[in-house]
Number of protein chains: 2
Amino acid sequence: MVGSQQDEREQAGGRQRLTLVLKQTTLLGGLDEDHLAQLVAQGGRRRFDANQSVFFEGDRATGLHIVLEGRVRVFKTSPRGREQTLMIMGPGEPVGEVAVLSGETYPASAETLDPSETLYIPRQAFLDLVSREPEVAMRLLSALSVRLRSFASLIEDLSLRDVSERLAAHLLALATEGADEEMIDLDVSKSQLSAAVGTVPETLSRAFGQLARAGAIQTRGRKVHIKDRALLAQVARVKP
Amino acid sequence: MVGSQQDEREQAGGRQRLTLVLKQTTLLGGLDEDHLAQLVAQGGRRRFDANQSVFFEGDRATGLHIVLEGRVRVFKTSPRGREQTLMIMGPGEPVGEVAVLSGETYPASAETLDPSETLYIPRQAFLDLVSREPEVAMRLLSALSVRLRSFASLIEDLSLRDVSERLAAHLLALATEGADEEMIDLDVSKSQLSAAVGTVPETLSRAFGQLARAGAIQTRGRKVHIKDRALLAQVARVKP
DNA sequence: GCACTTCCTTGACCTAAGTCAAGTACGACG
DNA sequence: CGTCGTACTTGACTTAGGTCAAGGAAGTGC
């Protein structure tokens, strides 16, 4: 019976650690231990390999995921196989909440970029929580609103800017949010980057080449050195 | 004094009528008369001519508008003058709420398509209401979520579909939500329609011509007759 | 009804960017 | 380290669609 007792101890410890992780999330960080434990008990941990599907566009939406570890990419796919990334969510961020709040199905697909772990929360449990906890509702409103801003920007890019402009803006955003404002260490493949920028790998390469020949950047593998930030901002048509 | 008393009666009557209108809105329809009256008192009615600006992208976000009458278009503009419509809001719908929920500035511009009237609600008044009234918060979450779905669709269109496909899909959506599933009475100019589809008027005309020559539609001024719905759906790559 | 203005259509032209193909570079594995 | 597979780059080519211009159609005001 010794092995059985050890298993139960690890499980209790695991749950404590999980609520600790949730306490660090923006969305759920305001909840007390009891609420968090209840939420964990209603849902469940999900583990995914890298490049594994979390859900498919059109699937019936039974719940949402909070990313605990790893990254999850949300994207649309064309019949011809091209993809457009909508967003990439990291630890602490919700995925699939739109489908839980309105409609019947997931409006896009989601898959992991890395080996990942999520907390799955069934639809009703989440709706109960949000309607009872004003702070969670407010935090969720804020998160959705940030997402709408991001989508509005992407729409603007796709409609009103060419690929080099879009890439320049994307690189600037990466540099601004990174540790080093001059050296970007791309944490996704070039292929994924092209899906985020809204183009195909061939065109992305060409756009990188243009920016490099113009003297704005210099690339080596996955590293991008921003040589002339003002020029990059000019190409991107944003403030430096 | 007779004129003065009449003015006060009309104002009280106008406020009663206004709360009645608000009672019909999805967002605020669950509120009682007192709350609605309080909200009205905190904000104010705004009247706009057709094609008048409501707010500009980048302006400091002091509050949001509920459309009472008319229509308000939210859009992005490129330095070269092209426009991309994000959404068109009609009576009962909020405009600018994203900016109130996160960030400092409006992320897009808004202008009226028709002579319009709005209820302006200052930022703090709205945030107070949402945090105190769970039902309003839930309705707002649902509304934002619908909007995210709509944006995701637009992103997919702009990135993964060509103009004729986009126009076909747009016409199908209009026909589906209209009174007559075969005859669409366009309620915006062709120029505005092109901004919604993500192109320029010349290309829109050409796309209309393609769909007409293929036998899917027939146009006469602002009326579009859907002659072959299945074909239109096939072009749009959606279900009929 | 007429004149004027604005919207829409059509043609000519050019370019951005996607498709296809092949070669190079890089990463993973044994 | 060598081999293999995959990602990325580059070239050739085609096409979608935007720009510019002009004419026709429709709407507005007197």
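Order of the sequence lines fixes the chain letters, A, B, ..., with proteins taken first and strands second; residue numbering starts at 1 for each chain.
Between the side chains of Thr176(B) and Arg229(B), at least one donor N or O sits under 3.5 Å from an acceptor N or O.
Taking every nucleotide of DNA chain C with any atom under 4.0 Å from a non-hydrogen atom of chain B, the first and last of them, 5' to 3', are dC8(C) to dA12(C).
Between the side chain of Thr25(A) and the main chain of Gly92(A), no donor-acceptor pair closer than 3.5 Å is present. With Ser109(A) contributing its side chain and Glu57(A) its backbone, the two residues share a donor-acceptor pair below 3.5 Å. Looking at Arg149(B), its side chain does come within 3.5 Å of a backbone N or O of Ser102(A) through a donor-acceptor pair. One N or O on the side chain of Thr112(A) and one on the backbone of Asp49(A) form a donor-acceptor pair closer than 3.5 Å. In this structure, the side chain of Gln218(A) does not engage the main chain of Ala212(A) through any donor-acceptor pair within 3.5 Å.
In this structure, CG of Leu186(B) is placed 13 Å from P of dG27(D), rounded to the nearest angstrom. Computed from coordinates, the Leu204(B) CG to dA16(D) P distance equals 17 Å when rounded to whole Å. Taking atom CG of residue Leu167(A) and atom P of nucleotide dT9(D), one finds them 11 Å apart after rounding to whole Å. What separates CG of Leu160(B) from C1' of dA16(D) is a distance of 15 Å, to the nearest Å. When rounded to the nearest whole Å, the span between CZ of Arg220(A) and P of dT9(D) equals 14 Å. In this structure, CD of Gln192(A) is placed 12 Å from C1' of dA7(D), rounded to the nearest angstrom. Counting to the nearest Å, the C1' atom of dT15(D) and the CG atom of Asp162(B) are 11 Å from each other.
For the side chain to side chain contact (heavy atoms under 4.5 Å, CB included) test with Arg166(B), the passing option among Leu158(B), Leu171(B), Leu160(B) is Leu158(B); the others fail. Residue Phe55(B) forms a ring-ring contact (aromatic ring centres under 6.0 Å, His included) with just one option from Tyr106(B), Phe75(B), Phe48(B), and that option is Tyr106(B).
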What's touching nucleotides 18-21 of chain D from the protein side, N or O pairs under 3.5 Å?
{"from": "dG18(D)", "atom 1": "OP2", "to": "Thr199(B)", "atom 2": "OG1", "distance (Å)": "2.3"}
{"from": "dG18(D)", "atom 1": "OP2", "to": "Thr203(B)", "atom 2": "OG1", "distance (Å)": "3.0"}
{"from": "dC20(D)", "atom 1": "N4", "to": "Glu202(B)", "atom 2": "OE2", "distance (Å)": "3.2"}

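Along DNA chain C, the nucleotide nearest to Arg161(A) and the one nearest to Lys190(B) differ in position, and the one closer to the 5' end is contacted by Lys190(B).
Salt bridge Glu165(A)/Arg80(B): present, at least one basic N to carboxylate O contact under 4.0 Å.
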